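One structure is given here, and the rest of the page talks about it.
What you are looking at is a predicted structure, and each value in this text was computed from that prediction instead of being measured.
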Amino acid sequence: MLTVEEARARLLSQAVALAGSETVPTLQALGRVLARPVVSSIAVPPLDASQMDGYALRAADVPVAPTALAVSQRIAAGHVGAVLAPGTAARIFTGAPLPGGADAIVMQEATRADADAVTINEVPRAGQWIRRAGSDIAIGQQVIGAGERLQAPQLGLASSVGCTELQVLRRVRVALFSTGDELVLPGQPLPPGGIYNSNRTMFGALLQSLGCEVLDLGIVPDNLAATRAAFVQAAAQADLIVTSGGVSVGEEDHVKPAVQAEGALDLWQVAMKPGKPLAFGAVRSVPFIGLPGNPVSSFVTFLLFARPFILARQGAVVREAAALELRADFDLPRADKRREFLRARVNAAGGLDVFANQTSSALVSVAWADGLIDNPAGQTIARGDAVRFLPFASLLN
């Protein structure tokens with residue numbers, strides 16, 4: 001069986017970034033992948049500015065404390081003051097431009113105001129509490145690199161340098177369908193032997209969160225002709241095909257022969273639990289990822305394999321999920337021969353609890369958890385041990 005790292009590397013080695021880009025308003029670029037770096041045409045801040053509410057002055061005018069100075073002007077954020085007269089101070093507010101001639105800010109807590117004068121109760125140091133022009137961003141500085149997925153901080157940063165539009169790579173079109181005569185859409189009567197299709201909703205949400213355009217082809221009956229037709233339809237419209245279920249070797253598992261008939265297929269076994277079976281291939285040159293049918297297995301394999309493949313297909317920078325070392329507040333006395341991904345969540349004491357039912361069909365465990373414990377093969381866990389925790393926050397964005 002392949003290790004998780006080997007399977008991921010194989011997928012990423014075949015993830016060719018899509019060509020094509022478009023220009024969208026900055027306000028509509030959330031989740032998109034930047035095609036061209038954002039380079040600032042302005043300095044931020046554009047002028048020397050106050051970091052505090054207080055008084056702008058010449059440090060040389062306050063050789064000792066206390067010293068009284070006349071207040072010659074008042075400067076609010078968004079307004080430019082006059083050159084500061086020697087021997088005076090300017091009442092100034094956070095973010096307001098520093099007046100010419102001033103070289104220090106004294107915060108208001110170190111002063112006492114009295115009519116048109118102010119008493120300075122500390123000896124200032126030249127340069128204190130001044131935010132220099134360009135100290136955050138210089139003219140010509142690259143502030144966001146190509147390949148970055150644009151989240152709220154990046155969009156705010158782009159706006160801070162005046163960008164109203166951004167050039168982004170086009171969305172990945174993903175065709176999605178499930179196989180199985182037992183599957184029923186929510187809202188329909190549930191017949192004997194039927195189950196509601198949770199994977200369709202879950203995958204659709206996961207793909208949308210990655211900025212994909214989802215082509216939902218619904219549920220495909222358990223027969224070879226229908227499965228082949230679904231793959232042909234998907235390949236004609238999509239940049240990637242994702243399915244769940246039907247990749248085993250049973251008589252009613254038609255995904256494998258359908259893909260082989262219309263393209264090429266690799267079936268991998270990955271040394272992990274849940275989610276051992278993973279299929280990868282191509283249908284008429286369109287990449288295909290086949291995930292397990294059990295909902296927890298499909299969820300975990302999507303996060304570990306499909307997600308980085310999709311990010312690479314989008315042209316995004318693919319980074320390892322950030323892991324935390326946290327304390328186990330439970331015992332796992334029986335080790336598994338495969339690497340386990342246990343559904344867990346952080347408790348009020350800062351340790352980790354695991355969901356009691358770790359079977360691959362218990363989707364409630366995923367909804368309950370806020371991450372996965374990455375436990376090596378053959379490893380038991382005793383209460384108090386440090387374990388490797390992958391928060392969903394680093395796996396779902």
Side-chain angles (χ1 to χ4, degrees), residues 174-209 212 214-231 233-234 238 240-259 265 267-270 272-280 288-307 338 340-345 354-370 372 392 395-396:
V174 182
L176 174 66
F177 64 87
S178 304
T179 65
D181 288 342
E182 76 280 11
L183 298 178
V184 179
L185 293 179
Q188 297 179 352
L190 195 62
I195 58 172
Y196 285 124
N197 186 0
S198 59
N199 285 352
R200 174 189 184 225
T201 304
M202 182 168 63
F203 285 155
L206 287 168
L207 291 167
Q208 288 177 20
S209 73
C212 299
V214 181
L215 308 175
D216 187 351
L217 302 185
I219 299 171
V220 177
D222 274 332
N223 70 72
L224 180 58
T227 308
R228 288 184 64 174
F231 274 111
Q233 180 186 359
L240 172 66
I241 304 167
V242 174
T243 68
S244 61
V247 294
S248 297
V249 293
E251 292 181 7
E252 297 301 326
D253 293 321
H254 300 291
V255 168
K256 178 181 178 181
V259 175
L265 177 69
L267 279 175
W268 302 339
Q269 287 192 333
V270 185
M272 60 181 285
K273 179 183 179 181
K276 181 172 70 171
L278 179 67
F280 179 75
F288 156 72
I289 298 177
L291 302 175
N294 275 327
V296 178
S297 298
S298 62
F299 178 77
V300 173
T301 51
F302 183 97
L303 295 185
L304 297 181
F305 305 116
R307 175 184 172 273
R338 288 179 284 164
E340 289 186 275
F341 291 90
L342 305 168
R343 279 78 73 202
R345 71 177 177 189
V354 291
F355 196 76
N357 183 359
Q358 290 287 323
T359 62
S360 60
S361 60
L363 190 55
V364 65
S365 67
V366 172
W368 174 89
D370 54 21
L372 302 170
F392 285 153
L395 289 168
L396 292 172

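Residues Met272 and Thr301 have side chains in contact (heavy-atom distance under 4.5 Å, counting atoms from C-beta outward). Put simply, the side chain of Ile289 reaches to within 4.5 Å of the side chain of Leu240, judged on heavy atoms. Contact annotation: the side chain of Leu217 approaches that of Gln233 to within less than 4.5 Å [non-hydrogen atoms, C-beta and beyond]. Side-chain contact check for Phe302 versus Leu207: some heavy-atom pair is nearer than 4.5 Å. Between Arg343 and Leu372 the shortest side-chain heavy-atom distance falls below 4.5 Å. Residues Val366 and Phe355 have side chains not in contact (no heavy-atom distance under 4.5 Å, counting atoms from C-beta outward). Glu340 has its side chain within reach of Lys273: a pair of non-hydrogen atoms, C-beta onward, lies under 4.5 Å apart. Side-chain atoms of Leu291 and Phe305, non-hydrogen and from C-beta on, never get closer than 4.5 Å to each other.
Residues Val174 and Ala238 approach most closely at C-CB, 4.4 Å, considering heavy atoms. Here the shortest heavy-atom pairing between Gly194 and Val184 reads CA-CG2, 4.5 Å. Between Gly187 and Tyr196, the shortest heavy-atom distance links the atoms N-CE2, 4.2 Å. Between Phe392 and Ala369, the shortest heavy-atom distance links the atoms CE1-O, 3.6 Å. Leu396 approaches Ser209 most closely through the heavy-atom pair O-OG, 3.8 Å. The heavy-atom pair separating Leu183 from Ser178 by the smallest distance is CD1-CB, 3.6 Å.
Put simply, CZ on Arg200 and CG on Asp216 are 4.0 Å apart, with the number rounded to the nearest 0.5 Å. Separating the CG atom in Asn197 from the CZ atom in Phe177 is a distance of 12.5 Å, to the nearest 0.5 Å. Asn199 CG to Ser297 OG: the interatomic distance, rounded to the nearest 0.5 Å, is 9.5 Å. Note that CE of Met202 is 8.0 Å distant from OG of Ser244, once rounded to the nearest 0.5 Å. We find the CG-CG distance between Leu363 and Asn357 to be 11.5 Å, quoted to the nearest 0.5 Å. Put simply, OG1 on Thr227 and CG on Asp222 are 7.0 Å apart, with the number rounded to the nearest 0.5 Å.
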Could you please spell out the steps behind the side-chain contact (heavy atoms from CB on, under 4.5 Å) verdict for Thr243 and Thr179?
CA-CA 8 Å; Thr243 68; Thr179 65; 5.5 Å; no
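Aromatic ring centres of Phe299 and Phe341: separated by at least 6.0 Å.
The list of salt bridge (charged side-chain N to carboxylate O under 4.0 Å, His left out) pairs with a residue in residues 187-199, not counting sequence neighbours, is empty.
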